[in-house]
Q: 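Take this structure, written in structure tokens, and hold onto it; I'll ask about it next.
Order of appearance sets the numbers: ligands from 1, and atoms from 1 within every ligand. The model shown is predicted, which means the values in this text are computed figures rather than measured ones.
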Amino acid sequence: MAYVITQRCCNDASCVSECPVDCIRPTPDQPEFATTEMLYIDPDTCIDCGACVDACPVEAIYPEDDLIDSLARFRDVNAAYFQRHPLESNFTPIVTPARPPKELGTLRVAIVGAGPAACYAADELLRRADVEIEMFDRLPTPWGLVRAGVAPDHPGTKTVANMFESAFRRETLQYYLNVEVGTHISHDELLQHHHAVIYAVGASTDRRLEVPGEDLPGSHSATEFVAWYNGHPDYADRTFDLSGERAVIVGNGNVALDVARVLTADPDELAKTDIADYALDALRQSTIREVVVLGRRGPLQAAYTSSEFLALAHLKGVDIVIDDADLELDQASQAALDDPEIEPSLTLKYTLAKEYAAGRRVDGNRRIVFRYLVSPTVLTGADRVESVEFVHNELVDREGRQVAVATDRTGNIDATLVLRSIGYRGEPVGDLPFDEQRGIVPNEHGRVIGADGAPVPGVYVSGWIKRGPRGVIGSNRTDSEETTEQLIADFTMGRLAVPEAGRAALQTLLAQRRVDLVDRAGWRAIDQAEKAAGKSAGRPRVKFTSREDLLKAARG
Ligand code: NAP
């Protein structure tokens with residue numbers, strides 16, 4: 001019997017170093033790691049020891065004999081990877097990185113943000129140095145998109161927070177939640193109290209379509225909708241009109257799939273999750289029967305991962321609908337599909353689309369409809385969205401990438417709710433340099449680079465603000481390791497100014513400013529209260545969704 005990695009894989013590769021027979025691929029040092037959808041276990045080499053199961057922070061690994069129906073196909077998905085990439089020993093002895101010399105004293109680091117990139121950076125620093133970490137977040141709660149982004153029906157993915165929670169038990173890491181850098185404390189003050197600052201602030205806004213009608217009532221960004229149903233206090237007062245029959249989602253990445261699932265899910269199933277109560281009430285009243293997902297490129301270029309696409313097949317009461325005509329491939333895509341060197345995950349994407357196209361429809365079911373090679377050109381309606389006009393595209397090769405180019409064929413589709421799900425976008429961070437086009441802080445391996453091309457001393461970035469909004473939660477692990485590597489090297493080489501003041505002075509400063517900060521005890525009180533409220537209802541937690549309630553719980 002072998003172990004099998006399934007849909008929830010977060011790519012953080014914790015399992016890789018635990019495997020005694022080195023049978024998990026790709027490994028972080030392989031080029032394929034940067035683009036892989038997930039990690040895979042070679043069934044022929046696995047010795048069934050289960051070491052990877054204990055290491056996985058998101059409970060994504062199962063013995064093959066225990067795979068439930070909805071995950072059974074991952075047995076073949078794991079095996080197919082090794083048919084394409086036969087296992088070669090990749091064994092390189094793990095070298096424990098050198099710790100900074102003791103005489104340098106304690107390294108003090110401020111981390112701005114408390115999401116996965118911040119947490120992986122903190123975890124790595126705690127392992128690698130004698131360090132004091134102060135972790136700041138403008139929200140009264142930690143975990144960033146693990147709390148406010150991961151879909152409520154993916155509870156396993158959220159278990160990564162347990163790993164951070166136990167790694168951060170020691171006093172060496174302090175939480176400064178509900179503290180906004182730039183408002184309550186400045187960047188210069190952070191540098192006065194620390195050797196270095198790591199910004200792991202993510203990508204807080206969304207990209208725009210730039211088509212007429214985009215700002216009509218009824219048209220929103222998916223990022224807003226996601227933050228709303230996840231109970232983010234800044235979005236709790238938003239309203240979404242769910243009184244129509246059809247919603248259109250523009251873009252077909254994994255966020256689009258999350259939103260399509262939430263819109264079509266049985267509310268009784270959502271009631272078992274940590275979805276915000278007000279969102280559950282609104283979804284119970286929803287009359288939306290059909291969600292149409294518009295992709296500007298073809299089925300082979302779709303941005304969703306094959307594992308998330310596969311999971312749609314197991315939604316109760318929902319048909320996945322694709323018109324076979326939409327799956328006709330242009331010459332280049334057909335050649336890519338026929339190439340024996342094609343990645344199995346890509347073949348699976350197309351196979352699944354074909355299966356959905358041939359699937360049986362059930363009267364009364366809700367529907368998620370996938371359309372390909374279409375781009376919205378205008379959203380129309382008298383005083384709110386009523387219709388999406390679109391143009392059909394064709395694919396053209398531009399420097400090896402298949403890009404969508406509009407044809408003169410047009411169409412339209414009636415919808416009362418339009419959610420654009422075309423990617424997150426980073427915002428400028430204080431006075432740090434900013435690359436407007438990419439929405440990131442310019443950096444080299446995590447060291448922030450100034451306008452003169454030289455590193456800005458003591459300032460680093462990690463996560464989406466460093467590399468752009470792509471990758472799953474665990475992708476932040478290798479990203480953060482790279483950043484902390486630079487930071488520790490700079491500390492060891494004496495490139496970081498010794499802070500003028502330490503932790504006690506920082507706490508005095510924040511107390512003088514009467515900042516209503518939430519510390520470890522405060523967060524623990526919130527966490528326990530939310531979990532207690534969920535327990536009687538059989539839910540993982542019932543979230544507080546306003547700052548007032550969160551702060552009250554923190555004090556309680
Ligand atoms: P994404 O994966 O980058 O997808 C963005 C989508 O928007 C693509 O289909 C893209 O098409 C399309 N798009 C971009 N500009 C457009 C335009 N002007 N007009 C029409 N379409 C446009 O982004 P995302 O869905 O926001 O996800 C962000 C990251 O989070 C991804 O790495 C994703 O995998 C990850 N995530 C993972 C999970 C999970 O594992 N369950 C859940 C949520 C998010 P093109 O491909 O043609 O550019």
Q: Among all protein heavy atoms in this structure, tell me which lies nearest to atom 24 (P) of ligand 1, with the distance rounded to 0.1 Å.
A: Val255 CG2, 3.7 Å
Q: Would a 4.0 Å cut-off, counted as strictly less than, catch a protein heavy atom around atom 40 (O) of ligand 1?
A: yes
Q: I need the nearest protein heavy-atom contact for atom 38 (C) of ligand 1: residue, atom name and distance, please.
A: Asn254 CB, 3.5 Å
Q: Provide the number and element of each atom of ligand 1 under 4.0 Å from a heavy atom of Trp464.
A: 29 (C), 30 (O)
Q: Run the ring-centre check on Tyr229 versus Tyr235 and record whether the distance is less than 6.0 Å.
A: no
Q: Salt bridge check, Arg261 against Glu308: does any charged N sit closer than 4.0 Å to a carboxylate O?
A: yes
Q: Give me the one residue out of Asn412, Leu379, Thr416 that meets side-chain contact (heavy atoms from CB on, under 4.5 Å) with Ser387.
A: Asn412
Q: Within ligand 1, which atoms have a heavy atom of Arg401 less than 4.0 Å away?
A: 48 (O)
Q: Among all protein heavy atoms, pick the one closest to atom 43 (C) of ligand 1 and tell me residue, atom and distance.
A: Asp258 OD2, 3.4 Å
Q: Of the protein's non-hydrogen atoms, which lies at the shortest distance from atom 19 (N) of ligand 1, and what is that distance?
A: Leu209 CD2, 3.6 Å
Q: Show me which atoms of ligand 1 lie under 4.0 Å from any heavy atom of Arg207.
A: 14 (C), 15 (N)
Q: Does at least one non-hydrogen atom of Thr305 fall below 4.0 angstrom from an atom of ligand 1?
A: no
Q: Would Arg238 and Glu224 pass as an ion pair if we require N to O under 4.0 Å?
A: yes
Q: Any ion pair linking Arg147 and Asp274 (charged N to carboxylate O, less than 4.0 Å)?
A: no
Q: Answer with side chain, backbone, both or neither: which part of Pro469 has a heavy atom less than 4.0 angstrom from an atom of ligand 1?
A: backbone
Q: Going by the angle between their ring planes, with limits at 30° and 60°, are Phe390 and His392 parallel, tilted or perpendicular?
A: perpendicular
Q: Within ligand 1, which atoms have a heavy atom of Ser421 less than 4.0 Å away?
A: 5 (C), 6 (C), 7 (O)
Q: Heavy atom to atom 45 (P) of ligand 1, shortest distance: which of Gln7, Glu37, Arg296 holds it?
A: Arg296
Q: Suppose we measure from atom 31 (C) of ligand 1 to each protein heavy atom; which comes out shortest, and what is that distance?
A: Gly471 N, 4.0 Å
Q: Please find out if less than 6.0 Å separates the ring center of Tyr40 from that of Phe74.
A: no
Q: Which residue and atom name correspond to the protein heavy atom nearest atom 23 (O) of ligand 1, and how close is it?
A: Gly423 CA, 4.0 Å
Q: Heavy atoms only: which of Ser221, Gly251, Gly468, Ser307 is nearest to atom 12 (C) of ligand 1?
A: Gly251
Q: Tyr62 and Tyr3: aromatic ring centres closer than 6.0 Å?
A: no
